[in-house]
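Working notes, structure below.
The sequence lines fix the lettering, A, B, ..., with proteins before strands; numbering per chain opens at 1.
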Protein chains: 2
Amino acid sequence: MPNGHRIKPPPHTHCTECPVRKLAWFEPGEEDALDRREALRTTQYIVPAKQPVYQEGDAPREVYTLQSGWVIQYKMLENAHRQVLNVALPGDLLAFRPNLDTPLDHAALTATEVTLCVFNEHSIHRLLSEFPELTHRLFEIQSAQAAQCRRRLSYVGQAPARQRIAMFLLDLIERLSVRGVDISQPISFPLNHEDIADAVGITPVHLSRISSEMRGLGIVDCRYNKLTVRDIARLQSLAHAGI
Amino acid sequence: MPNGHRIKPPPHTHCTECPVRKLAWFEPGEEDALDRREALRTTQYIVPAKQPVYQEGDAPREVYTLQSGWVIQYKMLENAHRQVLNVALPGDLLAFRPNLDTPLDHAALTATEVTLCVFNEHSIHRLLSEFPELTHRLFEIQSAQAAQCRRRLSYVGQAPARQRIAMFLLDLIERLSVRGVDISQPISFPLNHEDIADAVGITPVHLSRISSEMRGLGIVDCRYNKLTVRDIARLQSLAHAGI
DNA sequence: CGTTAAGTTGAAGCGTCTCAAGATTGGTGG
DNA sequence: CCACCAATCTTGAGACGCTTCAACTTAACG
């Protein structure tokens, strides 16, 4: 078990009651297949906020479904800069590789306290052979993750800072909405300026300037673990047209 | 059949003689399984240089293995900037999606004349059911493509221009070496400055300045469809330490 | 209420972009 | 073989976006 984690004592969350199971990797399926699938989930971990889930180079022989909380996946460069690759939200799959002895090419850090559903090599194998449709689901998830990475690469490579920030926030807002978060209200937002800056490839100082400007224009306010979206139309216009 | 392609008349290249089959998606396998697999390849296309293979939004009901030539995969932003996502080399898999009616999120353009081996929905399905180990191989390929995208995102987001260029060239050189290209000699290199600039997120003008500087230092020379690597150690030091 | 982490602001400098003119290369036809 | 053309690459000058460093302000938390 990785550093800083603790095994959640039973009773564990049941899949049938899991709020994110429709997003998670072992949807789709019949309601009554879930009991069997749940039995193949090894255990659940709880990791406190601001703790590593895994480091680059680790090769944990397990994969995780994020059941609750936020996780920041990132890569460190040799110049000590950090690129945030993804902000994982409930339902997202972490540390998946086709061979579990392949080392991970990136690290992951909890933004909040999180609950992880754990699957080891054996349980994955059993799941895939008992429920062959899950193989297809895994392909879809991998494919969606890759598409998200290409999107991020495109705007980090080609858009100016103002636009990158707008696109990053809109991506997140969209994914939160899918998860039932009401973004017309101020929401709890466990990313600080440094996290956002590292995701879009600018410095926190510059992010602060642009972010103050957006706040002044009544578009968004993201500070101190709160996000308030005041004018989503203008945010979209910023993201798409840069104005 | 997509625009600008033509169907290559038989005799097609045989898999047993294919120079890149060890890299391609239907390795691994027994030598004698290749005949059967080849029978499931629908056909081969030949596409001239500088022609589209597919556009963003297309949903061709087929996937391609690049048998020979180079292909540039990219995404256009609404501000008319282009991000080059990948330079596909022989053996690489193009347009793969878990559901072939999903539209593609990026476009592809030939850099040289290319030969594509074509697989349609039916043939993929037959291949995967006759050779179940190919499913695992597809996971590996998808996973490697995603890892490459994360790498690119990291240096485009976090490294200065000089370092990005060095990393991009080293990535390419490494992948060419795997394919048996001898980079101690000048090689044919069908990317112009604009292609490289769009891959690393700078302007062609700035690329030209840095590239002249590197040439002056006797590190690399990439112009006019030729690449000469003069000092790979210094190129690596540039990529890793920025000096 | 004090302490610490997080965000803000100013000033100066550097890296990258833009625009525009000029040079080099490879290809084509005379 | 040479002249010409188009595409590609190069170079300069000025402007702009983003970074750096450092001081200051604000919010969160016990």
Side-chain angles (χ1 to χ4, degrees), chain A residues 48-50 72 77 79-83 109 111-112 155-166 168-169 186 188-217 220-228 238 242-243, chain B residues 48-50 72 77 79-83 109 111-113 155-166 168 186 188-217 220-228 238 242-243:
Chain A
K50 311 279 176 187
I72 295 173
L77 270 78
N79 60 15
H81 287 223
R82 179 182 73 151
Q83 175 65 44
L109 179 78
T112 62
Y155 66 71
V156 168
Q158 304 299 329
R162 209 168 269 93
Q163 218 168 333
R164 295 188 206 178
I165 296 164
F168 175 76
L169 291 177
S188 150
F189 187 74
L191 304 180
N192 60 25
H193 278 188
E194 192 177 354
D195 296 326
I196 302 175
D198 287 350
V200 302
I202 61 176
T203 52
V205 176
H206 195 224
L207 175 63
S208 172
R209 289 185 221 279
I210 295 181
S211 139
S212 309
E213 178 191 306
M214 287 177 164
R215 175 156 20 95
L217 293 168
V220 275
D221 186 351
C222 58
R223 289 180 297 173
Y224 304 120
N225 297 322
K226 286 259 166 306
L227 169 67
T228 312
L238 241 183
I243 45 121
Chain B
K50 312 279 178 187
I72 295 173
L77 271 78
N79 60 13
H81 287 224
R82 179 182 73 152
Q83 176 65 43
L109 179 77
T112 62
E113 175 178 288
Y155 65 71
V156 167
Q158 304 299 329
R162 209 168 268 93
Q163 218 169 332
R164 295 187 205 179
I165 297 164
F168 174 77
S188 152
F189 187 73
L191 304 180
N192 60 27
H193 279 188
E194 192 177 354
D195 297 326
I196 303 176
D198 287 350
V200 302
I202 61 177
T203 51
V205 176
H206 196 223
L207 176 63
S208 172
R209 289 187 222 278
I210 295 180
S211 140
S212 308
E213 179 191 305
M214 286 177 165
R215 176 157 18 96
L217 293 168
V220 274
D221 186 350
C222 56
R223 289 178 298 173
Y224 304 121
N225 297 320
K226 284 261 165 304
L227 169 67
T228 311
L238 240 184
I243 47 122

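- Put simply, the side chain of B/R82 reaches to within 4.5 Å of the side chain of B/D195, judged on heavy atoms.
- Between A/I210 atom CD1 and C/dT8 atom P there is a gap of 12 Å when expressed in whole angstrom units.
- To the nearest 0.5 Å, the span separating CZ on B/R215 from CG on B/L217 amounts to 11.0 Å.
- For the pair B/D221 and B/K226, the minimum side-chain heavy-atom distance is 4.5 Å or more.
- Near-neighbour residues of DNA chain D inside residues 194-204 of chain B, defined by a heavy atom below 4.0 Å, are absent.
- When heavy atoms are screened at a 4.0 angstrom cut-off, A/R215 is found touching the sugar-phosphate backbone but no base atom.
- Chain B approaches DNA chain D over the interval D/dT8 to D/dA13, counting the first and last nucleotide 5' to 3' with an atom under 4.0 Å from its heavy atoms.
- In this entry the distance linking CG of A/N192 with P of C/dA6 reads 6 Å, nearest Å.
- Looking only at distances, a side-chain donor or acceptor of B/H193 sits under 3.5 Å from a matching main-chain atom of B/C222.
- Going from atom CG of B/D221 over to atom P of C/dT24 covers 15 Å, rounded to whole Å.
- A distance of 12.0 Å separates CZ in A/R164 from CZ in A/R162, rounded to the nearest 0.5 Å.
- Between A/S208 and C/dA6 there is no side-chain N or O to OP1 or OP2 distance below 4.0 Å.
- Ranked by how close their nearest DNA chain D nucleotide is to the 5' end, B/C222 and B/R209 are led by B/C222.
- Residues B/I72 and B/L191 have side chains in contact (heavy-atom distance under 4.5 Å, counting atoms from C-beta outward).
- One distance of note links CD of A/E213 with CD1 of A/I165; it measures 9.0 Å at 0.5 Å rounding.
- Using a 4.0 Å heavy-atom criterion, one finds that A/H206 contacts the bases of the nucleic acid, with or without backbone contacts as well.
- Of the possible donor and acceptor atoms, one in the side chain of A/S212 sits under 3.5 Å from a partner among the backbone N and O of A/S208.
- Inter-residue side-chain proximity for A/Q163 and A/P160 is flagged as met; some heavy-atom pair is nearer than 4.5 Å.
- Put simply, CG on A/L191 is 13 Å from P on C/dA6, counting in whole angstrom units.
- With rounding to whole Å, B/N79 atom CG is found 14 Å from C/dC17 atom C1'.
- Side-chain atoms of A/S211 lie closest to C/dT8 of the nucleotides C/dA20, C/dT16, C/dT8.
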